[in-house]
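Letters A, B, ... mirror the listed sequences (proteins, then strands); counts begin at 1. These numbers come from a predicted model, not from an experiment.
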Protein chains: 2
Amino acid sequence: MKTKQDTLYVGSLAKGLRLLRAFDEGHTDLSLGELAQRTGLDKSATQRLANTLHVEGMLDKDPVTRRFRPSHAWLQMAYAYYWSDPLIGQAMPKLINLSQELGETVNLAEISGDHIIYVSRLPCKRTYFAATIIGRRLPALSTSGGRAIIATFPEYERRHAIETWPITPFTPSTTLDRDLIATSIAEAARDGFAVSTGQMILNEIGVASPIIGHDGRAFAAVQCSVSAHTWTRERIVADILPKLQDTANAISPAFRAHRAGGA
Amino acid sequence: MKTKQDTLYVGSLAKGLRLLRAFDEGHTDLSLGELAQRTGLDKSATQRLANTLHVEGMLDKDPVTRRFRPSHAWLQMAYAYYWSDPLIGQAMPKLINLSQELGETVNLAEISGDHIIYVSRLPCKRTYFAATIIGRRLPALSTSGGRAIIATFPEYERRHAIETWPITPFTPSTTLDRDLIATSIAEAARDGFAVSTGQMILNEIGVASPIIGHDGRAFAAVQCSVSAHTWTRERIVADILPKLQDTANAISPAFRAHRAGGA
DNA sequence: ATTATATGTATCATAATATGATACGTCAAC
DNA sequence: GTTGACGTATCATATTATGATACATATAAT
């Protein structure tokens, strides 16, 4: 009846993953009942799966409130991820240099479907919490990084992305008009960098330069977020952009070499 | 026969987690066979579980090499973890300030069994890759952070830790003599901060100040790593330590309030 | 080229394993 | 003291995972 494709699909495992995914920024710790509700699983299944995850060290359980929470293992998974992503090793030292030179927050974003995900963040100024931690996924169309990446795609794909990829209004000034986004991306294609203003946070300006892969398509971007209170677009282009682009360009060929030469 | 405690333990889920844990810093991408070997599962089970993880977006699969790799979902789990850990929210802005003031690498470490785990890292200087990414677990006894934490434990527990917790020789100068570690921890208990030299990386000095919980026990530490080529112990104590301690102390009471007042 | 070896993929009968309804215990609110 | 909400434990049933085997495909050796 479930017929996903049976026989090489283990339902119990998939259900267990559902439990893991039930935790997010709005749901930091969950009771058994809440878990059941959020996963759509019945009480018994939730009980067994949660218990298994607890025994296996994936979920911590508060002995008094009996609520479940992500364990340190979740961070270890990020650690393993970092080693497995060949881009990070190449990029990290260069990003550190960049953030020191600029004295401003520097991010590394990768394309992930129709979103971008922040893979590395080097915060230099105080900002919103969400802007300081890795693993955040945001609609690619609404971020400078995403636009810088999309701008390197062939015409057809680019248009497809602009027309169909999701947009969520995070601030009153988040651009919902896809024509405006198209313009922004066209500019990015012409200039080799993208800019976004107030898309995620009010009075925040983002600049991003793409990291180009062996096939000419970008799959990541180096991005810098600054406050509109202290920066203008002109000063960003004059003072930040050159170093940003140098960094992105320095990563691109190194990465190509890595892919070609690797085991 | 397996009799872990049956009925509320879902074996398939646990096996799936085994696959996830097969990836680490030495094993960044694995073939089906390698996965089977590393997990001790037979080929069929590995096939089904890996496929499930792939379908569910937990593992990426290279279409040509057919090798599996951690997916971006692993980073999203770190994101969820960050929101769930009440310490991070309190600590992050203060850590950013500290790293800007010092211009040196600042870390936040939490105790995790007999290890510490780096929960946040703000690298300012170029170092080894492993020192720039979060989620690394290290033996508590061999790190300044771990020693600073253990030093706040009651006498009995402290001695138990010193005698039984694991030590791994990472460098030729890693201290294997537990008496020397006992001395270091005793000093930390007296001074309120811990120092370690060349435990993980040669010519690296670590200083750490504990973050004390409501019960007087530390559960985390703010830590700073500097090069022995440019720093001496005296200058560290004079120039770095005060700000480090201010930061740690500023986090401790805020955290207590959070625990007490929280929902 | 041809064979051999390794590695990934698909199939299927069997029973072991997960299932979920139910009942019990515990705590807090009313 | 009673009620309700929530976590925990049990158990008969059949759904679901199992793993041996056979097939396909890629890589290396002769």
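Judged by distance alone, with hydrogens and angles left aside, A:Ser12 brings no side-chain donor or acceptor close enough to the base of D:dA17 to form a pair under 3.5 Å. Applying the 3.5 Å distance criterion, the base of D:dG19 shares no donor-acceptor pair with the side chain of B:Lys43. For C:dG8, its base never sits under 3.5 Å from the side chain of B:Arg67 at any donor and acceptor pair. For a distance-only test at 3.5 Å, the side chain of A:Ser44 qualifies as a donor-acceptor partner of the base of C:dA21.
Atom CZ of B:Phe68 is separated from atom C1' of C:dT7 by 12 Å (rounded to the nearest Å). Between the CG atom of A:Leu35 and the P atom of D:dT8 there is a distance of 12 Å, given to the nearest Å. Per the geometry, CG belonging to B:Leu13 stands 15 Å off C1' belonging to D:dT16, to the nearest Å. Across the protein-nucleic acid pair, B:Leu8 atom CG and C:dT19 atom P stand 12 Å apart, rounded to whole Å. Regarding A:Leu30, its CG atom lies at a distance of 11 Å from the P atom of D:dG7, rounded to whole Å. The nearest whole Å value for the distance from the CG atom in A:Asp42 to the C1' atom in D:dT15 is 14 Å. One can place CD of B:Gln47 at 16 Å from P of D:dC23, the figure rounded to the nearest angstrom. Distance B:Leu49 CG to C:dA18 P: 11 Å, rounded to the nearest Å.
Contact between the side-chain N/O atoms of B:Arg48 and the OP1/OP2 oxygens of D:dT18 is found at a separation under 4.0 Å. For the OP1/OP2 pair of D:dT18 and a distance below 4.0 Å, the side-chain nitrogens and oxygens of B:Lys15 include at least one atom meeting the criterion. Contact between the side-chain N/O atoms of A:Arg66 and the OP1/OP2 oxygens of D:dT8 is found at a separation under 4.0 Å.
Taking the P atom of each, C:dA16 and C:dC12 are spaced 22 Å apart, rounded to whole Å.
Cation-pi geometry between B:Arg217 and B:Phe153 is met: the NZ or CZ atom falls under 6.0 Å from the ring centre, inside 45° of the normal.
Ring pair B:Tyr79/B:Trp83 is perpendicular by interplanar angle, where above 60° counts as perpendicular and below 30° as parallel.
Comparing A:Val10 and A:Thr65, the nucleotide of DNA chain D nearest to each residue sits closer to the 5' end for A:Thr65.
Minimum heavy-atom separation, A:Pro166 to A:Pro139: O-CB, 3.4 Å.
Counting only N and O atoms by type, the side chains of B:Thr28 and B:Arg69 include no donor and acceptor under 3.5 Å apart. At a cut-off of 3.5 Å, with distance as the only test, a side-chain donor of B:Ser112 or B:Arg137 sits close to an acceptor on the other residue.
Counting only heavy atoms from C-beta on, A:Leu32 has its side chain closest to D:dT8 among C:dT9, C:dG8, D:dT8.
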